[in-house]
2 protein chains.
Amino acid sequence: MSLRHAVLGMLSVTSCTGYELTQWFDSSLQHAWHASHSQIYPELARLEAEGLAEVVEEGARRSKTYAVTDAGREELKRWLMETEPNRAQRNETALRWFLVFRLDPDDRRAALERELEFVEAAAAQRRALTEQLDAEGKTGGFRPVLDLAARVDPAMIGWLRDQIEATKTE
Amino acid sequence: MSLRHAVLGMLSVTSCTGYELTQWFDSSLQHAWHASHSQIYPELARLEAEGLAEVVEEGARRSKTYAVTDAGREELKRWLMETEPNRAQRNETALRWFLVFRLDPDDRRAALERELEFVEAAAAQRRALTEQLDAEGKTGGFRPVLDLAARVDPAMIGWLRDQIEATKTE
DNA sequence: TAACGCATGTAATACGTTACATGATTCT
DNA sequence: AGAATCATGTAACGTATTACATGCGTTA
């Protein structure tokens, strides 16, 4: 169960409401982690009940801002340092890119072109975000990690292009 | 639901038993897709009931070898070409590499060193597999995909090394 | 013949997604 | 006042993991 640690970790970056967490998981973090509000709100309630997070502010529209407690930071550290990462996770993109070789060249090209389109759009989006963060003076050593998660590695774009070319001479 | 298509896809590569599929999902394919036998056997039964796969051989120890049918190949093609990939998937490695920046430099170095060790071992393992496949004369354009799934890209290894160095001067 | 690995299956529980449901505030 | 968005919550359903359970075939 690491939805708990994803939430705890995000709260340790900055205190926020369940709604803001949901948006975060839906947008900038979407390729690394995704969770819907119906999971997030109950998890926040559980974290509070167990003393790992606390409500630090109640605002408009019944909104509650949560912050991580010392016990929560301890738990996050314990998870990061002492638990074995679960590396056997599903990656639909990798599965599709693997299985696309079962298609005949024309169909494969069509499928790969769609992937290339998506990956290039993701790369452009991430470049824009990076430039914006740089302009704001925020450097974050972790940005390549998000590229990794979003599979916008330049080598992968090159690989997709090569595979598309290859379908034309088969 | 794409466990179904993972199974169908693997059967389209080569006919095999549920046990062999389980091993495949546990070993060479583990970073792209994982599933345990308790999911695989019922799914094979459902695929057979729906005419997407069929039992082509019954061997020792009650074993059943399944093969994909024409309808199954159609369905696989439909999935690959017509359905929108689910790109909002969880990646515990990316989450951890992102959250590790919440740790102080010493703890962070320890955590990153463990990751580097794992990634280097995975890279070595994959190199060995590649050499073996090359020796057998099997080329597979999809191998970089498995690297992607296993997150053993050389750029990532370099990034981990850089981050470890950075903790030493903080 | 006992132990081990092959091979399959089901049951209980945990987790995740989708759909349903409601109220508060802001904007037009 | 009505529409849109903010903000939270629960219920129903589907999927995944873990634990339980069994039998066949080979090897020591």
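Order of the sequence lines sets the chain letters (A, B, ...), proteins ahead of strands, with each chain counted from 1. These numbers come from a predicted model, not from an experiment.
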**Report entry** Rounded interatomic separation in angstrom, taking CD from Gln89(A) and P from dA16(D)
**Finding:** 13 Å

Query raised in the report: Tell me: CD1 of Ile40(B) to C1' of dT17(D), nearest whole Å?
Result: 13 Å

Query raised in the report: Reckon Ser36(A) touches a base, only the sugar-phosphate, or nothing at all at heavy-atom distances under 4.0 Å?
Result: base

Report summary line: Rounded to whole Å, CZ of Arg90(B) lies from P of dT15(D) at a distance of 16 Å

Report task. In whole angstrom, give the distance that lies between atom CE of Met1(A) and atom P of dT13(C). Result -> 17 Å

**Report entry** Shortest non-hydrogen contact from Ala45(B) toward Tyr66(B)
**Finding:** N-OH, 4.5 Å

**Report entry** Closest heavy-atom pair and its distance - Leu76(A), Gly9(A)
**Finding:** CD2-CA, 3.8 Å

Report task. Select from Gln23(B) and Pro42(B) the residue whose nearest nucleotide in DNA chain C is closer to the 5' end of that strand. Result -> Gln23(B)

Query raised in the report: Does the side chain to side chain contact (heavy atoms under 4.5 Å, CB included) test come out yes or no for Arg161(A) and Leu112(A), once each step is laid out?
Result: CA-CA 8 Å; Arg161(A) 289 220 177 89; Leu112(A) 287 168; over 6 Å; no

Requested in this report: Please determine, for the side chain of His37(B), which listed nucleotide (dG9(D), dT8(C), dG16(C)) has the closest atom?
Outcome: dT8(C)

Report summary line: Val7(B) and Leu47(B) have their tightest heavy-atom pair at CG1-CD1, 3.6 Å

**Report entry** Exercise: identify the closest heavy-atom pair between Arg4(A) and Arg46(A)
**Finding:** NH2-CB, 4.0 Å

Query raised in the report: Between Tyr41(B) and dT8(C), does any side-chain N or O lie under 4.0 Å from OP1 or OP2?
Result: yes

Query raised in the report: Leu3(B) CG to dG16(C) C1': how many Å, rounded?
Result: 15 Å

Report task. Grab the two heavy atoms, one from Asn86(A) and one from Glu92(B), that are nearest each other, plus how far apart they are. Result -> N-OE2, 3.2 Å

Query raised in the report: To the side chain of Gln39(B), which of dA7(D), dG9(D), dT17(D) is closest?
Result: dT17(D)

Requested in this report: Ignoring backbone atoms, establish whether Lys64(A) has a side-chain N or O less than 4.0 Å from OP1 or OP2 of dC6(D).
Outcome: no

Query raised in the report: Rounding to a whole Å, what distance do you find between Asp26(B):CG and dG5(C):C1'?
Result: 15 Å

**Report entry** Glu43(B) CD to dT10(C) P, straight-line distance once rounded to whole Å
**Finding:** 14 Å

Query - Pair of N/O donor and acceptor under 3.5 Å linking dT18(C) base with Ser38(A) side chain - result: yes

Query raised in the report: When the distance from NE2 of His34(B) to C1' of dT15(D) is rounded to whole Å, what number comes out?
Result: 15 Å

Query raised in the report: Across the strands shown, which category fits Arg4(A) at heavy-atom distances under 4.0 angstrom: base, sugar-phosphate, nothing?
Result: nothing

**Report entry** Which atom of Arg96(B) lies closest to which atom of Leu80(A), heavy atoms considered
**Finding:** NH1-O, 3.6 Å

Query - Tyr19(B) side-chain N/O to dC6(C) phosphate OP1/OP2 under 4.0 Å - result: yes

Query raised in the report: Along nucleotides 23-28 of chain C, 5' to 3', which nucleotides get a B, which get an S, and which get a -, given that the test is a protein heavy-atom distance under 4.0 Å?
Result: -BBS--

